[in-house]
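Each chain gets a letter, A, B and so on, in the order its sequence line appears, and its residues count up from 1.
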Protein chains: 2
Amino acid sequence: MARLSGSRQDYLKALYALAPQGEVVPTSRLAAHLSVSAPSVTNMLRRLAEEKLVLHKPRGGARLTARGRREAILMVRRHRILETFLVRVLGLDWAEVHADAEVLEHHISDRVLEAIDRVAGRPDFDPHGHPIPDPRGRMQRRTLLPLASLERGARAVVREIRDADGPRMARWRSAGLVPGASVRMREVQRLDDVFELEVAGERFVTGSEGLDGVLVERRGGAGHGR
Amino acid sequence: MARLSGSRQDYLKALYALAPQGEVVPTSRLAAHLSVSAPSVTNMLRRLAEEKLVLHKPRGGARLTARGRREAILMVRRHRILETFLVRVLGLDWAEVHADAEVLEHHISDRVLEAIDRVAGRPDFDPHGHPIPDPRGRMQRRTLLPLASLERGARAVVREIRDADGPRMARWRSAGLVPGASVRMREVQRLDDVFELEVAGERFVTGSEGLDGVLVERRGGAGHGR
DNA sequence: CGTTCTCGTTAGCCTAGACTAAATCACGGA
DNA sequence: TCCGTGATTTAGTCTAGGCTAACGAGAACG
């Protein structure tokens, strides 16, 4: 199968990001996500439909075909392996590698991808905690819940931190709020929109903004972890 | 300074490859080297001249300006660091990494380049033995001579192997004819176009084809190396 | 000194993938 | 039912970087 252009890859990736289960996505949502005009989207959807990568019902939005979905998941795989590699092997900061991975994912050969996957230790999760699909598109399934939904006293382990802006991510990281960290909910002031947590044993107070991007796995037991 | 397009980078790289000292290069040579038509070259040279990256005397060929040369040398640096990284860190075969480096050199950020240079051990030479320019464009200077020019009995160390086709390179490599290997000239049959060498102590016989791409550094002494 | 041949340039066209402006569809409310 | 409005598509342009065909300059040769 001929190599898809970088632009096509971006459209498929966007469709997958906006509708991982293959739901219909309106033209305008795609345009906004990709920062292009609506006519550009219509135009590209027509081509992708001809190539059987999407189903495009005029004025009825678009959704991925099985083939399109497969390609999109491969892009996700490439991206996450690259991010993991940039952090674990090259030692770059995990809050800063996204842009580089975004570019490289379009230009890396299967051979090089395989090699960096190997030297990165065949990771199952990227530095943000996102699962990395295997070459056939399957990935680890976990049931995670937003950190903010924990009730008082509940313990959990941070598993995933979805893209947040740089400064917030930096603050979280310096407080130890990273994938793998154990947390306990201490107080919730919904009126003041403030959460008081224990992160790896340390007190940490934060506003709720962006906090729904922090996903945790509930930990049993009520012991005072240390 | 705005990022140069991949195409522009290729033209500058080609000009540098064909005229490392900044000599004038005819349009047709560039076209052949880049596998594009002559009008495409004329067209691009006009643009590069407007951007002060080349000097283009209509019907008189083109040559790099100081700025163009700087950009070209940076491309060489990127390429050679990438090749070294692909071999030393990712464990790929040095005869096969050229194409990957060719693509990636256009898309790698300075940050990632710096990091792979670091993990590759800040090499001064790439896996073919080519010197890697430093960030300011300077590189190690060596006086090398073609292997085929050695007289009978002379000893030398292989320093550089310029691109040869895959099969030949594979044969040389399996015989130990790689950068760093010591060699001794045993016989030269110019009529039959055959060279008999000692490579790392082993007898090795080869035709002359492509052999001028193997550059060596003469070794003093007449001892029977082992 | 004129002819020829080679090489380079001009002219015009193509594709991918953007864009804006204008047209049109579909749906909800009167 | 009809109309207004917002979303979407159509129509037409633009840029980068290719291409082929045709033209022209200058060297080489008779």
Distance-only donor-acceptor check, side chains A/H98 and A/E83, under 3.5 Å: yes
So which of A/L147, A/V158, A/I161, A/L144 actually passes side-chain contact (heavy atoms from CB on, under 4.5 Å) with A/L215? A/L144
If you compare every side-chain N and O of B/R8 against the phosphate oxygens of D/dA16 (OP1, OP2), does one of them come in below 4.0 Å? no
Compare side-chain N and O positions of B/S37 against OP1 and OP2 of D/dG18 and report whether any pair is under 4.0 Å apart. no
Going 5' to 3' along DNA chain C, which are the first and last nucleotides with any atom under 4.0 Å from a heavy atom of chain A? C/dA16 to C/dC25
Length of the line joining B/L34:CG and D/dA16:C1', which is rounded to integer Å: 16 Å
Do A/R70 and A/T65 have side-chain N/O donor and acceptor atoms under 3.5 Å apart? no
Protein N or O to nucleotides 7-11 of chain D N or O, pairs below 3.5 Å:
| unit_1 | atom_1 | unit_2 | atom_2 | d |
| --- | --- | --- | --- | --- |
| D/dT8 | OP2 | A/S28 | N | 3.1 |
| D/dT8 | OP2 | A/S28 | OG | 2.7 |
| D/dT8 | O2 | A/R59 | NH1 | 3.3 |
| D/dT9 | OP1 | A/H56 | NE2 | 3.0 |
| D/dT9 | OP1 | A/R59 | N | 2.8 |
| D/dT9 | OP2 | A/T27 | OG1 | 3.1 |
| D/dT9 | OP2 | A/T42 | OG1 | 2.8 |
| D/dT9 | O4' | A/R59 | NH2 | 3.3 |

Which heavy-atom pair separates A/P179 from A/W94 by the least distance, and what is that distance? CD-CH2, 4.1 Å
Any donor-acceptor N or O pair under 3.5 Å, side chains B/H79, B/D126: no
As an exercise, state the distance from CG of A/L86 to CZ of B/R111, rounded to the nearest 0.5 Å. 8.5 Å
Closest heavy-atom pair, B/P135 versus B/L74, reported as atoms and distance to 0.1 Å, is O-CD2, 3.9 Å
Please set out all donor-acceptor pairs under 3.5 angstrom arising from side-chain atoms of residues 11-30 of chain B, sequence neighbours excluded.
| unit_1 | atom_1 | unit_2 | atom_2 | d |
| --- | --- | --- | --- | --- |
| B/K13 | NZ | B/E102 | OE2 | 2.8 |
| B/K13 | NZ | B/E105 | OE2 | 2.6 |
| B/E23 | OE1 | B/Q21 | N | 3.1 |

Output yes when at least one side-chain N/O atom of B/S40 is less than 4.0 Å from OP1 or OP2 of D/dC19, else no. yes
